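Below is one structure, written out as structure tokens; comments come after it.
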Amino acid sequence: MAKIQTPQAVRGTQDMFGETEERFAHVVATFERVRRLYGFKGLQLPVIEPTAVFSRSLGEATDVVSKEMYTFEDRGGDSITLRPEFTAGIARAYLTNGWQQYAPMKLSVHGPLFRYERPQKGRYRQFHQIDAEIIGAAEPAADVELLVMADQLLKELGIDDGVTLQLNTLGDTPSRDAWRTALVGYFNDHKDVLSEDSLARLEKNPLRILDSKDPKDRPVADAAPVIDDYLSGEAQDFFGAVTAGLDAAGVAWTRNAALVRGLDYYRHTAFEFVTDRLGAQGTVLGGGRYDGLIENLGGPATPAVGWAAGIERLAMLVEAPASIVPDVAVAIEFRDAEPQGQKIVAALRRSGLSVEMLAQGSPKKRYDKAIKTNAKVVMSISDMGVRYSGDKYPDVFSQVNEVLVSIAEELKKR
RNA sequence: GCGACCGUAGCUCAGUUGGUUAGAGCGCUGGUUUGUGGUACCAGAGGUCGGGGGUUCAAGACCCCUCGGUCGCCCCA
């Protein structure tokens, strides 16, 4: 009989359990609580979308679209893609469901995303994000609300120190285009000193040269034309209103004129919450305004802002949540006592206590196992009767007591 | 896509310049001890040394390929 080889997990995916899972769940639960404080509605979206949803909105030339998407043909011959990000799918849902009627909409989602990349710390092929968007709001107040919410979320997760908000503006479309043209001209004049990576970026994504890590690029990048010189009056006012709002709300930020976004659809506000505690993957939460996106998908001109944060990255930064211990652990130390144990355990659980019953293995070792569950109250059922202790938790102790008394009374009536 | 390091029981690891039947701790199973006690002791199960090929009288150790992991580059959350 040939033993079959157990298939492995797909590269870059994770099976989360124990502390890893608890950290993850804690991040999601905190997000769900905070987003309600700001009136964001929940949303559940498909994981698969027509490929065009992403190729049209992210930009064909971006790495995400050109080499990182999980794209396949389904049995009907349609090109389908596992979502690599949330925003495009939300925009698609907004249009196909006629949600213009609800605008402005404050929406939140979380779930798995897929990108075919080389896995490393804080980077997976199936990864998870929390995401918040405001669609149909053109005012800087929307940008402010999202940033204040992000700030509160990080504070409630207890990871705000060591994480800083970096803020920039990319201007409106004319500003951005003028700046971009100036940058391309400038970098072309300095081609001879640019790194190889940046020469490639010059063709595909010249803004990215600004935040190059290569020391060779730094002097040129640092002396490059700045967006401020190309901002229209309107764009300046917009950015001024955003920063004023943040200051009023007490959110700390720093200007980073080299901060750009990877995807083509961003305009005006761009931001990242950055940490140095995650190695190479420093961005913990990022986003900005994407007023052009919905038009790219064939909809009416619709202003929108949003951000997304990697749940795995946040989970790595939070303190380990206290692990969940049962209220009561019941050790059945005598084989014939099992039915009695079942009765007590069921009654305790119905009274709302979490209970772990230890009835397997050597009867003499079950008490040790019960102790090791760290339960608040440890109960032993043996031929010597029912005994339990747990003075440190008087509430649980007295609830257990009540349940046992009621069982005793019930038995007396028979 | 590029680079570096790594891959030995369920887990964490040891394994000497290649040299007999591959080890420890924890965990697991059974037993003894203790008897309101997270104890101690005994015994046991569990490994084609990631997989494939090669060098050699001899490979867990060396070489090649491959698959995975980790961390960088790139990209991004």
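So that the names make sense, note that chain A is the first sequence line, chain B the second, and so on, each numbered from 1. Computed from a prediction, not measured in an experiment: that's the story for all the values here.
The residue A:K369 sits close only to the backbone: its heavy atoms come under 4.0 Å of sugar-phosphate atoms, none of a base. Among the protein residues, A:Y388 comes within range of no part of the nucleic acid, since none of its heavy atoms lies under 4.0 Å from any strand. Residue contacts shown for A:E312 are absent, as no nucleic acid heavy atom lies under 4.0 Å away. A:G287 comes within 4.0 angstrom of no nucleic acid atom, judged by non-hydrogen atoms across all strands. Heavy atoms of A:R208 sit under 4.0 angstrom from primed sugar atoms or phosphate atoms, though from no base atom.
A:R313 has its CZ atom 14 Å from the P atom of B:C75, to the nearest Å. The interatomic distance linking A:R125 (CZ) with B:A77 (P) rounds to 18 Å, in whole Å. In this structure, A:L285 atom CG and B:C76 atom P are separated by 16 Å, rounded to whole Å. Distance, A:R118 CZ to B:C5 P: 13 Å, rounded to whole Å. Distance A:E117 CD to B:C75 C1': 6 Å, rounded to the nearest Å. The CG-P distance, from A:L58 to B:C76, rounds to 10 Å in whole Å. Atom pair A:Q120:CD and B:C5:P shows a separation of 17 Å (rounding to whole Å applied). Look at CE on A:M69: it is 17 Å from P on B:G1, rounded to the nearest Å.
For the P atoms, the distance linking B:U70 with B:C13 amounts to 14 Å, nearest Å. Rounded to whole Å, the separation between the P atoms of B:C5 and B:A45 comes to 40 Å. Separation of the C1' atoms belonging to B:G50 and B:G68 is 7 Å when rounded to the nearest angstrom. Comparing the C1' positions of B:A22 and B:U8 gives a spacing of 9 Å, expressed to the nearest Å. As rounded to the nearest Å, B:C71 and B:C62 have P atoms that lie 24 Å from one another. The same atom, P, is picked in B:G60 and in B:U20; the two are 10 Å apart, to the nearest Å. Across B:G46 and B:C11, the matching C1' atoms stand 13 Å from one another, rounded to whole Å. Distance noted for atom C1' between B:G15 and B:A59: 14 Å (whole Å).
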* Asked: According to the Watson-Crick and G-U wobble definition with distances under 3.5 Å, which dot-bracket string, read 5' to 3', encodes RNA chain B, using [ ] for crossing pairs and | for pairs with another strand?
  -> (((((((..((((.....[...)))).(((((.......))))).....(((((..]....))))))))))))....
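With A:L353 as reference, A:L348 is the one residue of A:L348, A:V377, A:V345 to meet the side-chain contact (heavy atoms from CB on, under 4.5 Å) rule.
Salt-bridge annotation for A:E85 and A:R115: absent, with no side-chain N of the basic residue lying under 4.0 Å from a carboxylate O of the acidic one. Salt bridge annotation for A:R201-A:D214: absent, with no cationic side-chain nitrogen under 4.0 angstrom from a carboxylate oxygen.
Geometric assessment of A:R176 against the ring of A:Y230 yields a negative cation-pi assignment under the 6.0 Å and 45° thresholds.
The shortest distance between the side-chain N/O atoms of A:R11 and the OP1/OP2 oxygens of B:G69 is below 4.0 Å. For A:K121 and B:U70, the shortest distance from a side-chain N or O to OP1 or OP2 is not below 4.0 Å. At B:A77, one or more side-chain N or O atoms of A:R261 fall inside 4.0 Å of OP1 or OP2 (strictly under the cut-off).
For A:Y290, the ring-ring contact (aromatic ring centres under 6.0 Å, His included) partners at least two apart in sequence or on another chain are A:Y265.
Comparing B:C73, B:A77, B:G69 against the side chain of A:D197 picks out B:C73 as the nearest.
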Between the protein and nucleotides 37-42 of chain B, which nitrogen or oxygen pairs come in under 3.5 angstrom?
residue: B:G37; atom: N7; partner: A:Y367; partner atom: OH; Å: 2.7
residue: B:G37; atom: O6; partner: A:Y367; partner atom: OH; Å: 2.6

* **Test side chain to side chain contact (heavy atoms under 4.5 Å, CB included) applied to A:L246 and A:D151, step by step** => CA-CA 10 Å; A:L246 291 176; A:D151 180 73; over 6 Å; no
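Side-chain atoms of A:Q399 come within 3.5 Å of backbone N or O of A:S351 as a donor-acceptor pair.
Ring orientation note: the planes of A:F40 and A:Y38 are nearly perpendicular, at an angle over 60° on the 30°/60° scale.
Here A:F397 and A:Y388 bring their ring centres to under 6.0 angstrom of each other.
Side-chain contact between A:H128 and A:P112 is present, with at least one heavy-atom pair separated by less than 4.5 Å.
Along RNA chain B, the nucleotide closest to A:Y116 and the one closest to A:E68 are compared, and the more 5′ of them pairs with A:Y116.
Taken from CG in A:L167 to CZ in A:F239, the straight-line distance is 4.0 Å, to the nearest 0.5 Å.
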